[in-house]
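Report on the structure given below.
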Amino acid sequence: MSKLHLFFLPFMAHGHMIPMLDMAKLFTSRGVRTTMVSTLAFSDPIKKAQESGIEIGLIIIRLPNQESGLPEYVQRLDQVTAVDLVQKFVKAISLLQEPVEKLIQELNPNCLVSDTFFPWTTDSAAKFGIPRLVFHGTSYLARCASEQMRLHKPFKNVSSDSEQFTLPYLPHQLKFTRTQISPFDLRESEGEFAELIFQSREADRRSYGVVVNSFYELESSYADHYRNILGIKAWNIGPLLLCNNGYEEKARRGRKSAIDEHECLAWLDSKKPDSVIYACFGSMASCTQAQLREIAFGLESSGKDFIWVVRDRRNNENSYNFLPHGFEERNRKKGLIIRGWAPQILILDHPSIGAFVTHCGWNSVLEGVCAGVPMVTWPMFAEQFFNEKLVTEILRVGVSVGNKQWRTVGIEGVPREAVSDAVRRVMVGGEVAEMRNRAKCYKEMARKAIEEDGSSFTDLSALIEELSVARRSQYM
Ligand code: UDP
């Protein structure tokens, strides 16, 4: 019998595409045939994987820019910088249904692994009688929190935006304010993107199951809650990033770096172990200039050496002029500013890195966990406020910067003192030694989870077995 064949359909945002490619690599390494259907947005990293000898099939489909009125330059979600583009982007991805279904008919895969943002793939999979596995790209905790929020709406019981409420029925007493919850969870959002999210949730409930980029030991009570209380079929097969072993694979994840990687590592080599702060807020976040200045002052006054990644979603060179007067001269030896894309996992893995200031995007959190470094948590949007709780209150490997405001663009409101205080707490405070020890333990557990007989290895084996059995019934 031919190999089990999985079709992967990644969403066009780095936080979704990067782990899905890792997932395809992982399945390939376990003898499964894999094909990724991708728009131009992410074809380069897949081609690179192919060039390095990994047998992943690649089919490039065109994002229907013309048909949806989306300008040609927009190929990914982070390039959607104006409100009117959102509608066109959502339209464009819905138009992918027809070409994707043609491919399924032609190539006859046994399973569709779809990003949650393609809700129509539930119907496509049903049409061809194959299972649809959904990928959200986030933690079990965030999935559980979002579901309980939808079911019980605890934010309705508070009288003000700043009053805290506890999310009920979860394994821990997690407290939030309304301002930290996404408008989608509050059901206060309208428009195309909100509609897409609601459709996705409905489609996910009709899916075969969920693949989760996490490992059991990291959030066991939430993995159990998700499966046993919420009754959702799920397999934890992560951390997916650990399937990258070679230097090249680690250096070129997602995009080409804006800095020469060797130069960056040489700079880190010149520093003492655990002495440098790495600050990066993922691929989507966009802070105001005033907030960027506060970060600059905060990092400087922490007294610690730092690498700070600053991106501008509009690729506008002038918008890098926010730095306080004389900042770069004063910090020439102490700080490295990367304007654009950073080789994040190479940096995090370097022994000189002492802590990670992160926006709590799930990939970044996992990358921090796998590097064994304490974190300063600064959630901004999406499910990041949920992930923060895992880091600071459950794993206790991080300290919050104290952001209270969920916001996707124009992020601001955290003063320089909050930045420098949080940095000092993870670098020199009384809790540092214990926090570092715990972080090192989770790093160890992450590696064990993917080794033969580890929790993620075993879950992946069970999933492959189940899909193989399901395939036999497809032929009957
Ligand atoms: N990333 C990177 N270099 C950067 C910014 C981001 O390599 O300069 C990678 C990061 O390592 C992670 C992904 O992009 O794998 C971002 O995903 P995450 O879930 O952390 O955040 P998002 O971008 O979705 O907000």
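Whatever order the structure lists ligands and atoms in, that order sets their numbers, starting from 1.
For atom 24 (O) of ligand 1, the closest non-hydrogen atom on the protein side is G15 CA, 3.4 Å. Scanning all protein heavy atoms for the shortest distance to atom 17 (O) of ligand 1 gives N363 ND2, 3.4 Å. Residue, atom and distance of the protein heavy atom nearest to atom 23 (O) of ligand 1 are S283 OG, 2.5 Å. For atom 13 (C) of ligand 1, the nearest non-hydrogen atom of the protein is I18 CD1, 3.9 Å. Of the protein's non-hydrogen atoms, the one nearest atom 20 (O) of ligand 1 is S364 OG, 2.5 Å. For atom 9 (C) of ligand 1, the closest non-hydrogen atom on the protein side is W341 CZ2, 3.7 Å. The nearest protein atom to atom 12 (C) of ligand 1, hydrogens excluded, is given as E367 OE2, 3.4 Å; this is a heavy-atom distance.
Considering both main-chain and side-chain atoms, H359 comes within under 3.5 Å of ligand 1 through a nitrogen or oxygen pair. Residue F381 has no nitrogen or oxygen atom sitting less than 3.5 Å from a nitrogen or oxygen atom of ligand 1, judged on distance alone. Between R311 and ligand 1, a contact under 3.5 Å exists for no N or O pair.
Taking every non-hydrogen atom of R253 and a distance limit under 4.0 Å, the qualifying atoms of ligand 1 come out as 15 (O). Residue contact check: W362 has heavy atoms under 4.0 Å from atoms 19 (O) of ligand 1. Near G361, the atoms of ligand 1 lying under 4.0 angstrom from a non-hydrogen atom of the residue are 18 (P), 19 (O), 20 (O), 21 (O). Taking every non-hydrogen atom of A342 and a distance limit under 4.0 Å, the qualifying atoms of ligand 1 come out as 2 (C), 3 (N), 4 (C), 7 (O), 8 (O).
Annotation: F386 is in aromatic contact with F176 [ring centroid separation under 6.0 Å].
Between the side chain of S275 and the main chain of K271, no donor-acceptor pair closer than 3.5 Å is present. The main-chain N or O of H14 is never found under 3.5 Å from a side-chain atom of R76 such that the two would form a donor-acceptor pair. Side-chain atoms of S257 never come within 3.5 Å of backbone atoms of D260 as a donor-acceptor pair (strictly under, hydrogens ignored).
Environment of CD in E72: crowded, with over 12 heavy atoms of neighbouring residues, nucleotides or ligands closer than 6.0 Å. The number of heavy atoms from other shown groups lying within 6.0 Å of CZ (R396) does not exceed 12. The environment of NZ in K91 is sparse: at most 12 heavy-atom neighbours from other residues, nucleotides or ligands sit within 6.0 Å. The environment of CD in E55 is sparse: at most 12 heavy-atom neighbours from other residues, nucleotides or ligands sit within 6.0 Å.
Using a 4.0 Å heavy-atom cutoff, R255 is absent from the residues neighbouring ligand 1. Judged by the shortest distance from any of its heavy atoms, V309 lies inside the 4.0 Å radius around the atoms of ligand 1. The shortest heavy-atom distance from G254 to ligand 1 is not under 4.0 Å.
Neither the backbone nor the side chain of A13 has a heavy atom within less than 4.0 Å of ligand 1.
Between the side chains of S420 and S302, not a single donor N or O lies within less than 3.5 Å of an accepting N or O.
Ring geometry, F306 versus F327: the interplanar angle falls from 30° to 60°, so the pair is classed tilted.
For the pair K404 and T179, the minimum side-chain heavy-atom distance is below 4.5 Å.
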